[in-house]
Amino acid sequence: MMRIEGLKDGILSGQLPVRIQPTWFQNNGYAVSVLYGDLFLYFPAILRLIGISVQNSYKTYIFAINFITAIIAYYSFAKISKSKFIGMMASLVYTLSIYRFTDIYFRAAVGEYTAMAFFPLIIWGLYKIYTTETTKDNRIIWFPLAIGYTGVIQSHVLSCEMVAFFSLIVLLAFWKRTFNKNVLKNLMKVLIVVIAINLNFIVPFLDYMRENLKVKLFTSGNGIQSMGLPLAQLFAITPGGSARLNGFEMGMQKEMPMGLGITFIVILFLLIIGLIRRDKDDKLCMPFRFAIAISTLAILLSTDIFPYDFLIKFPVLKTLINTLQFPFRFMGIVTVTLTLVACYVVKYANIFYKSKVFWGLILVISGLALYQGLIMSGDILNTKEAVRIYSGEAAVMWDGGIGSAMYSPDYGVEYLPVETDVAAINKSFILGDESVIMHNYNINYNKITINLLNMLSERTFIEVPLIYYRGYEAVDIKTSGRLSVEMGNNGRIRVEIPPQYDGTFRIQFEEPAYWKGAMIISLISTFIIMFIFIKINKNKIISKLKIIL
């Protein structure tokens, strides 16, 4: 909600795109929009601009993501299985999975559940590139994968890390196909397109990652391995639990529901009893076995038996593991890969067994997914207390009090300068000397206009209630001359005041020219790719529009 409100206020402050959200930390500003993809949050931010409450804007966003996830999952798995019925079943299984529900309704992990909407598209995109030859009628087989990666990049940085890891496994596992001229050419197109479209986020992100921010120092206070799932937790089929997350070594009582759920457990049971043929010559066999292998690896990575505490001792792996924060994040990968396994289970049944088995599996698996989703949503609606914030200590979130000692004192404030003590952030102005007289000032979001007099014959300073980020400028209103801006105490902006200065200057954020250049390249690239897609698929689009009309 703070991110939605911050985007809304950023737009009202005149920023587009929003880089520094002004609302956070008692209106001292926060660079969350530079370091965390929020492209899709512009939708609820616009709802806020037209007067819809922040709660209903967020709920509308959840509805939209649920709908988009269901559509993408249906499309992707239907294409892979070449069956609309399997696609519908897979959409139910994926959309109503326990981990995705937990992400939405227990953790409110907006970036992660938004990124999960695009996981099936990545699966379909990789499958299409590795199994389809490029023809005149199929010149953009790289398109689904490029859109899938773009959706994840613009949603959740840590999901990018996980998706990149498993994509690399695919490239290496099928290395003979990877270095096929046709496949390699399409993979290069994906790389170029993804970079071009996402430069607007990539360039500022990499630029600020060079700064001395708390995100570089983050470590999981309890030890990252202890935050993994115990094996027993995987097979918990009841959806009950709370939002507690204190380390699974304390036991599973009242922990967030993180298990596979009854749907995936039944699918695994079908594998164990040997429903699937072991025909080495079967063309379906290799991708199916690979899906099982990837699922197994992702499950292992999500548990507390994977040796994270040992691997973190190696400097090369330390940063990657620390940024992951929680091993259970891999359950997102488990969810999409086990959904793919479910598709293969049903597809094999359709090929090698009677049609009654095929339809029976479709109905059973779909029914279990619906049952699981309804039970879990019912539990959330009937047993979880509503959060109502009006005033007092609970309302501190609206002042940006998002730090939590649950993992480390700096958890949740990763994008602040290292020098910043969250508890000491305030709205005060600090003058460098008593001989400096501030006549008046005006604060308009993260723009501050100050009129003051420096009676000294030497330089002095003023510190203002804004968090310092590179890009802030102080410009004299009358002469357009620039005053020096640097970091002051507690990560605040400090402006150097020239000797005998008597005038008015404005402090505001101005993004670098190369950020603007990256944005222009992204916009042009997006329009070009859209034009190419529409041109190639013109006949299909026209025919579908005729059907709709």
Side-chain angles (χ1 to χ4, degrees), residues 37 39-44 60-101 103-104 109-132 140-156 159-160 162-163 166-167 170 190 193-194 197-198 263-264 291 294-295 298 331-344 346 365-366 369-370 373 526 529-530 533-534 537 540-541 544 548:
L39 174 66
F40 302 105
L41 289 182
Y42 278 88
F43 167 59
T60 304
Y61 179 76
I62 292 175
F63 176 85
I65 290 299
N66 281 335
F67 180 77
I68 291 168
T69 301
I71 294 298
I72 290 177
Y74 163 74
Y75 172 82
S76 302
F77 291 117
K79 289 290 186 180
I80 293 173
S81 63
K82 297 179 175 61
S83 169
K84 293 181 180 179
F85 299 106
I86 293 178
M88 285 188 282
M89 177 206 72
S91 181
L92 285 170
V93 169
Y94 186 71
T95 307
L96 301 177
S97 61
I98 281 185
Y99 183 73
R100 214 184 73 84
F101 261 66
D103 262 3
I104 297 174
V110 179
E112 191 168 337
Y113 70 67
T114 302
M116 283 186 70
F118 298 93
F119 284 5
L121 200 58
I122 293 173
I123 297 283
W124 162 230
L126 287 168
Y127 180 87
K128 189 172 185 178
I129 287 177
Y130 274 81
T131 60
T132 309
I140 55 171
I141 60 175
W142 46 267
F143 187 78
L145 186 58
I147 298 302
Y149 283 147
T150 294
V152 174
I153 289 171
Q154 294 289 346
S155 303
H156 192 231
S159 289
C160 294
M162 293 187 294
V163 165
F166 281 95
S167 295
V170 173
V190 169
V193 168
V194 168
I197 291 178
N198 295 286
T263 311
F264 288 137
I294 287 289
S295 300
M331 287 301 293
I333 303 294
V334 172
T335 301
V336 73
T337 53
L338 280 183
T339 303
L340 180 61
V341 170
C343 292
Y344 277 112
V346 177
I365 293 174
S366 298
L370 280 169
T526 301
I529 290 163
M530 288 174 61
F533 178 81
I534 292 171
N537 294 277
K540 292 181 181 178
I541 293 171
K544 288 182 179 180
I548 294 172

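Position 1 is the first residue of the sequence; numbering continues from there.
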Novice: Can you tell me how far CG of Asn198 sits from CD1 of Ile153, rounded to the nearest 0.5 angstrom?
Specialist: 4.0 Å
Novice: Any idea which heavy atoms bring Ala117 and Thr69 closest together, and the distance?
Specialist: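 Closest heavy-atom pair between Ala117 and Thr69: CB-OG1, 3.3 Å.
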Novice: State, with a plain yes or no, whether a side-chain heavy atom of Val93 is found less than 4.5 Å away from one of Phe77.
Specialist: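 Result no, sub-4.5 Å side-chain heavy-atom pair not found.
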Novice: If you count every heavy atom of other residues, nucleotides or ligands that lies below 6.0 Å from Phe85 atom CZ, does the total exceed 12?
Specialist: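 No - once you tally the heavy atoms of other residues, nucleotides and ligands closer than 6.0 Å, there are 12 at most.
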Novice: If you measure from CG on Leu126 to CG on Leu145, what distance do you get to the nearest 0.5 Å?
Specialist: 4.5 Å
Novice: Between Tyr74 and Lys84, is any pair of side-chain heavy atoms under 4.5 Å apart?
Specialist: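 Side-chain contact under 4.5 Å: yes.
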Novice: With rounding to the nearest 0.5 angstrom, report the CG to CD1 distance, Leu92 to Ile365.
Specialist: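 Here the interatomic distance stands at 11.0 Å.
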Novice: Begin with the C-alpha distance, continue with both residues' side-chain angles, and end with the deciding distance and a verdict on side-chain contact (heavy atoms from CB on, under 4.5 Å) for Ile71 and Phe67.
Specialist: CA-CA 6 Å; Ile71 294 298; Phe67 180 77; 4.0 Å; yes
Novice: Could you tell me whether the side chain of Phe119 reaches within less than 4.5 Å of the side chain of Ile72, counting heavy atoms only?
Specialist: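 No, every pair of side-chain atoms sits at 4.5 Å or beyond.
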Novice: Checking the side chain of Ser91 only, and the main-chain atoms of Gly87 only, is there a donor and an acceptor separated by less than 3.5 Å?
Specialist: no
Novice: Measure across Val152 and Ala115 and return the closest heavy-atom pair with its distance rounded to 0.1 Å.
Specialist: CG2-O, 3.9 Å
Novice: Could you please spell out the steps behind the side-chain contact (heavy atoms from CB on, under 4.5 Å) verdict for Phe166 and Ile122?
Specialist: CA-CA 11 Å; Phe166 281 95; Ile122 293 173; over 6 Å; no
Novice: Give, for atom CZ of Phe43 and atom CD1 of Ile65, the distance between the pair rounded to the nearest 0.5 Å.
Specialist: 9.0 Å
Novice: Is Tyr127 close to Thr132 at the side-chain level, that is, under 4.5 Å between some pair of heavy atoms?
Specialist: no
Novice: Looking at every non-hydrogen atom in both residues, tell me the closest pair between Thr95 and Phe101 and how far apart they are.
Specialist: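 So the two residues come closest at O-CE1, 3.8 Å.
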Novice: Calculate, to the nearest 0.5 Å, the distance between atoms CD1 and CD1 belonging to Ile147 and Ile529 respectively.
Specialist: 7.0 Å
Novice: Near Lys79 NZ, under 6.0 Å, is it more than 12 heavy atoms from other residues, nucleotides or ligands?
Specialist: no
Novice: Would Phe264 and Val341 satisfy side-chain contact (heavy atoms from CB on, under 4.5 Å), going step by step from the backbone distance to the final call?
Specialist: CA-CA 9 Å; Phe264 288 137; Val341 170; over 6 Å; no
Novice: Counting distance only, does the side-chain N/O of Ser76 pair as donor-acceptor with the main-chain N or O of Ala73 below 3.5 Å?
Specialist: no
Novice: Mind checking whether Ile62 and Tyr113 have side chains closer than 4.5 Å, heavy atoms only?
Specialist: yes
Novice: Does the side-chain contact (heavy atoms from CB on, under 4.5 Å) test come out yes or no for Thr114 and His156, once each step is laid out?
Specialist: CA-CA 8 Å; Thr114 302; His156 192 231; over 6 Å; no
Novice: Rounded to the nearest 0.5 Å, how far apart are CD1 of Ile98 and OG1 of Thr263?
Specialist: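 Answer rounded to 0.5 Å: 7.5 Å.
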Novice: Which atoms form the tightest heavy-atom contact between Ala342 and Met89, and what is the distance?
Specialist: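 Closest pair (atom of Ala342, atom of Met89, distance): O-CE, 3.9 Å.
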Novice: Within the structure provided, determine whether Val190 and Ile129 are in side-chain contact (heavy-atom separation under 4.5 Å).
Specialist: yes
Novice: Flag the pair Val336 / Met116 as yes when at least one side-chain heavy-atom distance between them is below 4.5 Å, and no otherwise.
Specialist: no
Novice: On a heavy-atom basis, which atom in Ala291 and which in Leu340 lie closest, and how many Å separate them?
Specialist: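 Shortest heavy-atom contact: CB-CD2, 3.8 Å.
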Novice: Over all heavy atoms of both residues, which pair between Leu121 and Pro144 is shortest? Give the atoms and the distance, please.
Specialist: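 Closest heavy-atom pair between Leu121 and Pro144: CG-O, 3.5 Å.
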Novice: Between Phe40, Tyr94, Trp124, Tyr75, which is the residue that forms a ring-ring contact (aromatic ring centres under 6.0 Å, His included) with Phe118?
Specialist: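 Single ring-ring contact (aromatic ring centres under 6.0 Å, His included) partner of Phe118 among Phe40, Tyr94, Trp124, Tyr75: Phe40.
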Novice: Any side-chain heavy atom of Ile104 within less than 4.5 Å of one from Asn66?
Specialist: yes
